[in-house]
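What you see is a predicted model, and the numbers here were worked out from it, not measured in a lab. The chains referred to below are lettered A, B, ... by the order of the sequence lines, with proteins before strands, and numbering in each begins at 1.
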Amino acid sequence: MERSFDPHAIERELYEEWEAAGYFAPSGEGSEYCIAIPPPNVTGSLHMGHAFQHTLMDALIRYHRMNGRRTLWQMGTDHAGISTQMLVERQLNGEGKTRREVGRDAFIERVWEWKERSGGNISRQLRRMGSSVDWSRDRFTLDDGFAGAVMDVFVRLYEEGLIYRGKRLVNWDPQLATAISDLEIENREEDGHLWHFRYPLKDGATTVDGKDYLVVATTRPETMLGDTGVAVHPGDERYRHLVGKVATLPLVGRALPIVADEYVDPEFGTGCVKITPAHDFNDNQVGARHGLPLENIFTARAAINENAPEAYRGLDRLEARKRIVADLDALGLLDGVEPHRLTVPRGDRSEAVVEPWLTDQWFVKIAPLAEAAVAAVENGDIEFVPNQYANVYFAWMREIQDWCISRQLWWGHRIPAWYDADGNIHVGRTEAEARLKGNLSGEVVLTRDEDVLDTWFSSALWTFATLGWPAETNELKRFHPTDVLVTGHDIIFFWVTRMIMMTLKFMGEVPFRKVYIHGLVRDAEGRKMSKTKGNGLDPLDLIDGIVLEDLVRKRTENLTQPRMAPRIEKDTRKDFPKGIPSFGTDALRFTFCALASTGRDVRFDLSRTEGYRNFCNKLWNAARFVLMNAREHPLDGPAEPGLAGRWIQSRARRLVEDCHLALETYRFDLYANAIYEFAWHEYCDWYLELAKPLLWDENAPLAHQTGARRTLVTVLELLLRAAHPILPFITETIWRDVAPLLAKAGPSIMLEPFPQSGDLAADPEAEASIDWLKGVVTALRNIRGEAGIKPGREIDVLLQGGDARDRDLAASSGYLLQRLAKVSSIDWLPRGERPPANALALVGELKVMVPLAGVIDIDAERARINKQIERKQKELQRIGGKLGNEKFVRNAPPAIVEKERNKAADVQSALTTLKQQLDSLA
RNA sequence: GGGUGUUUAGCUCAGUUGGGAGAGCGACGGCCUUACAAGCCGUAGGUCGCAGGUUCGAGCCCUGCAACACCCA
């Protein structure tokens with residue numbers, strides 16, 4: 001083995017081998033375990049969120065596979081309508097063409113080409129992460145079978161009246177020229193203005209203060225062209241007499257009825273609100289209540305349309321805004337302008353300001369579906385981990401709105417609806433079916449709906465459509481419902497809710513039994529990682545490393561906002577002055593697990609990854625040590641594990657218990673910590689050191705040496721299996737060297753059983769003994785460190801006090817004690833005898849002393865003792881306070897009181913000893 | 001405006017029925033000890049956001065406040 005661990009030498013090769021051997025496919029006859037991968041965007045690339053998520057899923061998958069479950073990790077990718085189409089359109093625009101020029105069929109052809117060319121990216125990257133997905137069952141949301149399922153669902157919902165087409169106010173993205181759903185909106189606080197306009201009153205009406213006009217305020221002056229009313233609060237004394245009267249819309253001349261509606265906040269502005277039912281969701285409702293007409297004034301690109309006065313037609317909305325304000329000002333109808341902070345809705349893809357716009361769209365009537373979905377979580381059929389997300393789910397589901405599922409795009413599942421010349425709608429899985437159902441002859445000309453379905457409509461079917469639905473396949477029977485969905489809290493509404501609703505509807509069962517929600521990966525400052533901010537990290541750069549110049553280039557090229565480049569470059573050079581070293585996949589995976597605590601967002605800290613890279617190296621070197629010492633010797637024959645051997649096996653049993661518990665409860669952090677702690681601080685720091693003296697001692701009995709070697713190998717092998725789900729590559733590599741020593745002939749650690757605590761004996765006696773030994777060794781190291789005794793120098797040790805147990809332990813572990821603490825002699829001093837000047841440490845009642853004899857600085861020793869005295873006094877004070885409290889003694893459980901009393905006695909006794917020691921140093 | 005979460009060592013975070021405040025990184029001191037300097041040994045550092053309350057006892061339970069983050073309107 002190499003002197004240090006080199007991930008690159010092993011990772012790719014091992015993965016190819018596993019995949020070729022078919023280890024990722026379900027096997028064995030155990031009960032099924034299944035996770036459906038949240039399908040990544042087919043043309044996307046791996047970001048930190050994916051890497052995080054896939055690490056957790058792979059850990060679960062490998063764990064359950066090793067536990068003997070028949071395990072399927074269903075792979076697949078999503079066509080990601082809007083973002084993929086935007087990407088290809090941008091390429092097209094770069095060539096000076098638009099998609100309309102190219103035409104629908106050619107454009108879709110082009111997207112497919114792009115998919116074929118770049119679709120392999122994400123798969124390659126997933127392989128680098130070590131993800132053991134079943135590639136043989138790879139699916140795509142636009143593949144033929146999946147498309148069939150989507151059509152089927154659409155038609156069935158339509159036939160049941162759960163899908164309808166309607167003219168509604170929708171969120172319209174004028175840049176993409178498509179409707180988007182509520183969820184695709186990002187509301188941002190931005191600086192704007194509040195304009196006050198005078199709307200003249202008709203028929204000589206006046207306000208209470210005698211004015212012949214009303215003042216309305218707006219943040220979007222251009223929409224006034226579509227005003228069809230003015231509203232006031234019904235209880236507002238200032239305007240009560242005007243309700244039912246009429247105002248005139250300036251520039252347009254339209255008569256605006258004045259209506260009373262609770263919606264109006266009398267405290268805000270003048271208490272008069274202009275009502276634009278076709279361009280504002282609230283106004284739309286007010287308008288509906290009072291029968292106000294809808295007046296659409298925008299085109300699909302948010303320019304002013306022919307319904308507006310000629311002067312404004314064709315103007316972009318912002319241009320129109322300026323003109324309108326200027327024109328009103330010229331007419332003396334501008335009553336004032338003030339700066340105003342407002343919430344602006346923007347499309348999450350295009351970042352364009354979204355307009356409420358009146359169009360024909362397809363909707364899913366959601367309430368009937370939501371009911372069962374809420375019940376499934378209420379009654380525990382589906383469990384959220386952590387549980388707090390159930391509340392987020394409920395809150396959303398109980399106020400859920402109908403789902404706008406049509407998108408004015410070309411890339412996606414085209415809506416299976418056809419229109420005849422009279423505008424009648426015919427829905428069917430195919431045009432033929434639509435004709436058949438509509439009883440239409442071949443002569444009737446049908447035109448298919450131009451729109452496609454929201455991407456989430458198809459991914460809502462993910463768990464069952466990937467398994468073959470609507471066919472009743474074996475896989476569907478065996479693997480559905482899946483066991484757990486692993487996803488981020490950002491897509492609970494987009495995806496989790498819709499999967500639950502659709503799956504309950506069409507499968508009659510839940511899609512998954514648990515939903516594990518993990519946090520989002522943020523940068524070291526807690527900011528969201530994004531291309532725009534240039535603070536993102538590519539997981540592969542952490543695995544393979546990247547030099548600074550490449551990193552800077554990568555972060556600054558192809559920016560949507562090129563002006564950010566200098567800033568990004570500066571930050572990058574500051575944060576990664578030496579680029580990023582190569583850490584390897586295992587170290588990255590370990591980092592993600594260790595950071596995955598209770599579902600909160602994680603700040604990604606490179607120094608953690610570095611630490612876990614070091615951990616991998618530690619494991620590697622421990623294995624080197626074990627192999628060096630065990631390879632040349634037979635491991636069978638009489639073997640005596642000894643106290644240390646019994647101890648480490650007992651500790652290993654605890655490790656195994658902890659691992660199972662942590663993984664069953666999705667505490668990946670506790671799992672990672674348990675592995676780290678055991679491997680480094682128990683196995684390496686102590687057991688290896690305890691084994692060394694025996695291995696190196698020519699006079700040691702063979703059975704003891706064999707026992708130590710066997711223990712070294714068996715515990716290492718067990719540790720490798722326990723760590724495999726999180727560190728697949730390094731564990732496999734080492735395991736292949738180690739397993740043969742135990743006559744294990746399996747081809748891969750992947751196929752070995754996860755350790756069970758029943759395999760190991762609990763040994764409290766050995767644990768107590770080694771704890772004692774560690775206490776004495778640590779005490780002596782402390783004296784050495786504090787007193788500045790050279791590490792190489794051997795010391796004499798005097799023991800005094802203590803009880804029979806101390807004597808037994810000193811006798812039984814004296815051999816180890818001497819070697820671990822570089823002790824040349826151990827002698828007992830009779831109780832009561834005055835020791836020579838010494839440095840003292842206490843292990844319980846036992847005095848552990850190192851005679852000064854010129855090796856120790858008396859002043860330093862006095863300082864050290866004083867420090868301990870101070871500490872003990874503080875402790876005694878605290879305990880004394882408790883025991884002095886009558887209520888405590890009376891009310892606390894006797895066991896607690898007893899414990900405190902014993903503690904007080906121990907501390908008191910230690911204090912006495914320390915004080916004597918201080919006197920003796922005087 | 002409503003909701004959820006967070007606030008523990010310099011930094012990032014654990015702390016599982018309320019009963020002796022922990023880890024990693026960083027800092028400081030000492031070591032090239034024959035697996036590992038990506039290492040070993042030792043040390044320092046915290047009024048557990050603030051104010052109340054419940055309790056014999058609160059990092060943990062309750063109330064209020066503050067700051068930050070996210071979600072919804």
Look through every strand shown and name the nucleotide pairing with [N] as Watson-Crick or G-U wobble, where both distances are under 3.5 Å.
N: B:C68; value: B:G5
N: B:U16; value: none
N: B:G26; value: none
N: B:A44; value: none
N: B:G39; value: B:C31
N: B:U63; value: B:A51
N: B:A73; value: none

Using a cut-off of less than 4.0 Å, is there contact between a side-chain N or O of [X] and OP1 or OP2 of [N]?
X: A:H681; N: B:G24; value: yes
X: A:R784; N: B:G42; value: no
X: A:R667; N: B:G15; value: yes
X: A:R608; N: B:U12; value: no
X: A:N782; N: B:U43; value: yes

Given that A:I185 and A:K790 both sit by RNA chain B, which one's nearest nucleotide is further toward the 5' end? A:K790

In short, salt bridge (Lys or Arg N to Asp or Glu O under 4.0 Å) pairs touching residues 772-781 of chain A with sequence neighbours left out are none

Does any pair with a residue in residues 708-717 of chain A pass salt bridge (Lys or Arg N to Asp or Glu O under 4.0 Å), and if so which ones, sequence neighbours excluded? A:E717-A:R721, A:E717-A:K744

Please give the distance between the [atom1] atoms of [N] and [M] as a whole number of Å.
N: B:C13; M: B:G20; atom1: P; value: 27 Å
N: B:A23; M: B:G15; atom1: C1'; value: 10 Å
N: B:U12; M: B:G3; atom1: C1'; value: 28 Å
N: B:G2; M: B:C65; atom1: P; value: 11 Å
N: B:U17; M: B:A69; atom1: C1'; value: 30 Å
N: B:A14; M: B:G24; atom1: C1'; value: 10 Å
N: B:C68; M: B:G30; atom1: C1'; value: 42 Å

Can you tell whether the side chains of A:K867 and A:E870 come within less than 4.0 Å, N to carboxylate O? no

Can we say A:K514 and A:E383 salt-bridge, meaning some charged N sits less than 4.0 Å from an Asp/Glu carboxylate O? yes

Please encode protein proximity along nucleotides 34-39 of chain B as a string of B, S and -, counting only heavy-atom distances under 4.0 Å. -BBSBS

No-hydrogen, no-angle side-chain donor-acceptor test under 3.5 Å, A:S582 and A:H8: yes

Can you pull every protein N or O that's under 3.5 Å from an N or O on nucleotides 1-3 of chain B?
none

Distance under 6.0 Å and angle within 45° of ring axis: A:K692 vs A:F625: yes

Base, sugar-phosphate, or nothing: which does A:R871 touch, judged by heavy atoms less than 4.0 Å apart? sugar-phosphate

Write down the protein N/O and nucleotide N/O pairs, taken from nucleotides 17-21 of chain B, whose separation is under 3.5 Å; answer none if there are no such pairs.
residue, atom, partner, partner atom, Å
B:G20, O2', A:R878, NH2, 3.1

Chi angles and distances behind the salt bridge (charged side-chain N to carboxylate O under 4.0 Å, His left out) call for A:K882, A:E900: CA-CA 8 Å; A:K882 257 184 164 181; A:E900 292 294 326; 3.7 Å; yes

Positive for ring pair (Phe, Tyr, Trp, His ring centres under 6.0 Å) with A:W456, one of A:F494, A:F493, A:W403: A:F494

Given A:Y612, which of A:W680, A:F5, A:Y676, A:F583 fulfils the ring pair (Phe, Tyr, Trp, His ring centres under 6.0 Å) condition? A:Y676

Using a 3.5 Å distance criterion without hydrogens, assess whether the side chain of A:Q705 forms a donor-acceptor pair with backbone atoms of A:D697. yes

Partner set under side chain to side chain contact (heavy atoms under 4.5 Å, CB included) for A:R736, not counting sequence neighbours: A:L14, A:E17, A:W18, A:E732, A:S748

